[in-house]
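Take a look at the structure below.
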Amino acid sequence: MKPNGRNVMTKLYAIAALAFLLMGATLNAGAAGPAPSGIKNVVLVHGAFADGSGWEAVAKILEKDGYTVSIAQPPETSYADDQKYAKAAIDAMGGPVVLVGHSYGGSIISEAGNDPNVAALVYIAAFALDEGDSCASIERALPQASKAFKPDFAADVPRPVSHFMAVSQVPISTDSFTHKVTSPAWKNKPTWYMVATADRSINPDQERMMAKRAHAKTVEVNASHVAYMSHPKETAKLIEEAATSVPANH
C-alpha cells in the first residue's frame with residue numbers, strides 16, 4: 001500500500017515534536033541549579049515578639065536552591081524552653097546544620113549552637129552573646145537606637161505585614177530576655193553576621209561589636225530590625241555562603 005503523504009507528514013511532525021520536547025527537557029535539566037555543596041540543612045530561629053512565619057520568604061529561597069529547611073518555634077516562655085525547642089529542631093534534621101537566629105534568636109543559637117550537629121552559625125541583626133551576657137545587658141550597654149519601638153521594629157516592610165506581626169506577636173518572658181549565656185558556641189564554630197544599619201531595636205553599633213568579637217564574616221544591609229523579612233535574598237545568600245563554606249563532614 002502506497003503511504004499517504006498526509007500520514008507521512010503527520011509522523012514527521014510527531015517525531016520533530018518529540019525531539020523538541022526531549023531537547024527542552026535536557027536544556028531544563030542543565031539550567032537547574034546544582035545540589036548545594038557543603039551543609040544541606042538549615043534551621044531558622046525567630047526572635048522575640050515574633051514566630052517562625054516571618055522566615056517564609058527566606059525558607060522558600062533556600063528550598064528552591066536545594067536546602068532542607070526547618071523553622072524552630074521557641075515559645076519564649078523561658079530560656080530553657082526556647083533551648084529545648086531549638087535543639088529538637090536541630091536533632092530532627094539528622095545531620096549537620098547551619099543554625100540561624102534573628103534578634104533574641106541569636107541568644108538562643110549562642111547556646112544551642114554547641115550541639116555537635118551545628119556546623120556554622122548565622123546571626124541576623126541578632127544577639128551574639130558572650131559569656132555572662134544577656135539580651136538585657138547588651139541593650140543597656142549603649143543608648144537605644146530609638147525609643148519609638150512599635151513604629152520602628154519593622155519599618156521597611158509593607159504595612160499589612162507589620163500589622164499582622166503586631167496582632168500575632170508572642171510575649172517574651174523576663175527569663176528569656178535576662179538569662180545569661182554561659183558557653184557561647186561562636187567561640188568554637190564558624191560564624192556569619194548581618195548588621196541592619198537602620199535597626200531601631202538593637203543599636204547597629206552593638207551589632208558591629210558583637211560581630212567583631214565573634215570573628216564573624218560580616219555584611220551590612222540598609223534594613224530595619226527585621227532584615228530577614230525586608231531583605232530575604234541577601235539573608236538567604238549569607239546563609240548559603242555559610243553552608244557552602246563548611247564541609248559536610250565537619
Side-chain angles (χ1 to χ4, degrees), residues 32-48 50-76 82-129 184-186 188-196 207 210-211 214 216-219 221 223 225-250:
S37 59
I39 308 303
K40 297 175 176 60
N41 301 318
V42 178
V43 173
L44 306 171
V45 183
H46 66 76
D51 66 11
S53 62
W55 287 110
E56 182 179 9
V58 173
K60 285 181 176 178
I61 295 171
L62 293 172
E63 288 177 338
K64 181 176 178 293
D65 291 344
Y67 292 89
T68 300
V69 180
S70 176
I71 301 176
Q73 292 281 25
E76 303 174 43
D82 297 341
Q83 286 290 309
K84 181 174 67 176
Y85 276 74
K87 289 177 180 178
I90 294 167
D91 292 343
M93 299 301 269
V97 307
V98 174
L99 184 59
V100 185
H102 167 251
S103 190
Y104 165 63
S107 174
I108 296 173
I109 73 170
S110 291
E111 289 274 13
N114 289 305
D115 187 295
N117 275 339
V118 174
L121 302 167
V122 181
Y123 292 85
I124 307 297
F127 291 101
L129 301 181
W186 51 258
N188 304 301
K189 305 285 177 85
T191 302
W192 282 255
Y193 198 108
M194 176 179 284
V195 173
E207 295 178 11
M210 290 185 284
K217 295 180 181 179
T218 305
V219 299
V221 294
H225 188 54
V226 291
Y228 68 110
M229 296 180 69
S230 62
H231 291 71
K233 291 180 181 179
E234 292 87 344
T235 302
K237 180 180 178 181
L238 187 65
I239 295 168
E240 292 183 8
E241 180 184 323
T244 56
S245 297
V246 181
N249 60 347
H250 81 288

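Predicted, not measured: the structure shown is a model, and the values here were computed from it.
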Once you round to the nearest 0.5 Å, how far does [atom1] of [X] lie from [atom2] of [Y]?
X	Y	atom1	atom2	result
Tyr228	Leu44	OH	CG	10.0 Å
Leu99	Asn41	CG	CG	12.0 Å
Thr244	Lys40	OG1	NZ	11.0 Å

Please identify each residue that fulfils side chain to side chain donor-acceptor pair (under 3.5 Å) with [X], with sequence neighbours left out.
X	value
Lys217	none
Glu234	none
Trp186	none
Ser110	Tyr123

Just jot down the side chain to side chain contact (heavy atoms under 4.5 Å, CB included) partners of [X], sequence neighbours excluded, or say none.
X	result
Thr218	Tyr193, Val195, Ala211, Ala216
Gln73	His46, Asp51
Ala125	His102, Ala196, Asp199, Glu207, His225
Asn114	Glu111, Ser183, Ala185

Side chain to side chain donor-acceptor pair (under 3.5 Å): pairs with one or both residues in residues 88-98, sequence neighbours excluded: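 Qualifying pairs, neighbours excluded: none.
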Those residues that, when tested against Glu63, pass salt bridge (charged side-chain N to carboxylate O under 4.0 Å, His left out) (two or more places apart):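 Glu63 satisfies salt bridge (charged side-chain N to carboxylate O under 4.0 Å, His left out) with no residue once adjacent residues are dropped.
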For Lys84, all residues meeting salt bridge (charged side-chain N to carboxylate O under 4.0 Å, His left out), sequence neighbours excluded: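 Counting only residues at least two positions away or on another chain, Lys84 forms no salt bridge (charged side-chain N to carboxylate O under 4.0 Å, His left out).
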Test side chain to side chain contact (heavy atoms under 4.5 Å, CB included) applied to Thr235 and Trp55, step by step: CA-CA 10 Å; Thr235 302; Trp55 287 110; 4.2 Å; yes
Trp192: ring pair (Phe, Tyr, Trp, His ring centres under 6.0 Å) partners, not counting sequence neighbours: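 Trp192 satisfies ring pair (Phe, Tyr, Trp, His ring centres under 6.0 Å) with no residue once adjacent residues are dropped.
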